[in-house]
Amino acid sequence: MGEFSQFALVPEQGVVPEISQLDEGMQSRIRAMAAKIDVHSSAEVAGFGARAQKEMGAFSDIALSQMLQKDTGDLSAAMQTLSEQIRACSFGAQAKGLLRRMFGGAQSLDQVRAAYEKAEPKISACANEMTDRRVMLMRDSALLERVYARNEGLYRELCSLIVVGEEAIRQAKARGEAAHVVSRLERRVEDIRLTQLASTQLAAQIRVVQSSDSVTCEKLRTALEVTIPLWKSQMAAALGLARATDSLRMHQRTEKDAMRGIREGAQELHAQKNAYVSAAKKSEQERAEQTAAELLEELESIEAGLKARAMQA
């Protein structure tokens, strides 16, 4: 960072200390460095703090490139797709309550499996995209943290340059230097002040971006470690319930068919019994009539025999 970075100047952000606020050893060092500046050399005055300003420009480019990458469109689309797919696999609207689930309201196993197989690839794709984005955000945040640390050192150097420049201006005025010479150095120190202000703003912007990235990473972590696993556990429960429901329905159909067969068999037996009783009654009546007819015939035969004997007598 150059010789000015060695100054133990740690002022508050945006505040440059007065030389009188520093200890005597530091004041002596600043006066000695200010005295070395050749205020008559336009090249030396123009080069005063130029390296720090150039480095500040590089930091700004890095921070700007990172901020330009913060396109949340794709991430929002992935989150929206995830939400839609999870809602599409919610079976609460189709079947509410245990009784309704048990007796026809629940989705069948094939329906639940089909819904899962349709949603799972899209949810996996969303999970992969969110994982990649989270890794990228964490990497970007680490890069910004390094830029922030370097910018903090640069900020301290800029503060040191301002203090040295102001002391050089005071010394030039004390020596009675020409107004245009002092004015040129004053403009150079003012340029450094603007760079120091840009450093302050950059530090604040880096923290804002890091905070935003942290919130986004936390949302992605929640989706990856809570929402998706919870959805999978719910789908497992739904598949288990659908399997049990299908088994219950099969049992109910089997029982219903068995009861229908039993009732039909009972009705058939009852009909056969009635037919048998009817047939039995008819058979007995016919036998009785036949017996009566045979008895009448026998009586008639006996009566005819008696009449024949009476006539012979």
Side-chain angles (χ1 to χ4, degrees), residues 1-23 25-27 29-37 39 41-71 136-172 182-217:
M1 299 288 287
E3 58 180 335
F4 296 104
S5 64
Q6 303 303 314
F7 282 162
L9 300 178
V10 189
E12 295 180 1
Q13 289 290 324
V15 178
V16 179
E18 298 291 338
I19 189 172
S20 60
Q21 296 174 328
L22 304 174
D23 60 65
M26 184 63 67
Q27 291 182 28
R29 187 178 178 186
I30 290 174
R31 291 190 182 98
M33 296 186 72
K36 293 179 181 180
I37 299 175
V39 296
S41 173
S42 59
E44 185 170 341
V45 171
F48 180 66
R51 185 200 55 76
Q53 288 180 311
K54 183 178 180 180
E55 188 168 358
M56 180 64 210
F59 289 170
S60 298
D61 289 342
I62 294 173
L64 181 60
S65 66
Q66 290 297 308
M67 293 173 190
L68 288 174
Q69 293 176 8
K70 306 303 177 185
D71 183 8
M136 183 185 70
L137 289 174
M138 294 172 67
R139 184 178 62 248
D140 291 348
S141 182
L143 174 61
L144 288 175
E145 186 61 32
R146 292 194 296 271
V147 172
Y148 183 89
R150 293 175 63 188
N151 179 70
E152 186 176 25
L154 178 61
Y155 173 82
R156 295 172 180 173
E157 180 176 351
L158 291 168
C159 289
S160 301
L161 286 165
I162 292 171
V163 175
V164 171
E166 288 179 340
E167 177 59 21
I169 292 171
R170 189 194 66 77
Q171 291 179 5
V182 176
S183 177
R184 183 170 57 198
L185 183 56
E186 286 177 336
R187 288 194 301 271
R188 189 72 193 110
V189 172
E190 186 61 28
D191 287 344
I192 296 174
R193 283 186 182 277
L194 294 176
T195 304
Q196 182 256 356
L197 178 60
S199 176
T200 303
Q201 294 174 340
L202 178 61
Q205 289 301 318
I206 288 175
R207 287 303 189 220
V208 169
V209 173
Q210 286 181 312
S211 176
S212 175
D213 288 351
S214 177
V215 171
T216 303
C217 281

Identify whether the distance between the nearest side-chain nitrogen and carboxylate oxygen of Glu145 and Arg150 falls below 4.0 Å. no
Which heavy atom in Ala203 sits nearest to a heavy atom in Asn151, and how many Å separate them? CB-ND2, 3.7 Å
The reported gap from CG in Asp213 to CD1 in Ile206 (rounded to nearest 0.5 angstrom) is 11.5 Å
When you measure from the side chain of Thr195 to the backbone N and O of Asp191, does any donor-acceptor pair fall under 3.5 Å? yes
Considering only heavy atoms from C-beta outward, does the side chain of Thr200 approach that of Gln196 to under 4.5 Å? yes
Measuring from Leu154:CG to Ser160:OG, what's the distance to the nearest 0.5 Å? 10.5 Å
Of all the heavy-atom pairs spanning Ile192 and Gln53, show the shortest one and how long it is. N-NE2, 3.9 Å
Just how far is it from atom OG of Ser214 to atom CE of Met138, taken to the nearest 0.5 Å? 10.0 Å
Are a donor atom and an acceptor atom from the side chains of Arg187 and Ser183 found within less than 3.5 Å of each other? yes
Mind checking whether Phe48 and Val164 have side chains closer than 4.5 Å, heavy atoms only? yes
Distance-only, no hydrogens or angles: does the Thr216 side chain make a donor-acceptor pair with backbone N or O of Ser212 under 3.5 Å? yes
Evaluate the side-chain proximity of Arg146 to Leu143: yes if any heavy-atom separation is below 4.5 Å, no if none is. yes
Once side-chain contact (heavy atoms from CB on, under 4.5 Å) is applied, do any residues pair with Val45, and if so which ones, sequence neighbours excluded? Arg184, Leu185, Arg188
Shortest non-hydrogen contact from Leu161 toward Gly49: CD1-CA, 3.7 Å
Sequence neighbours excluded, which residues qualify as side-chain contact (heavy atoms from CB on, under 4.5 Å) partners of Gln171? Arg31, Ala34, Ala35, Glu167, Arg175
What pairs with Ala198 under side-chain contact (heavy atoms from CB on, under 4.5 Å), at least two apart in sequence or on another chain? Met56
For residues Glu157 and Ala52, report the shortest heavy-atom separation together with the two atoms involved. OE2-CB, 4.1 Å
To the nearest 0.5 Å, what is the distance between OG (Ser199) and CZ (Arg156)? 11.0 Å
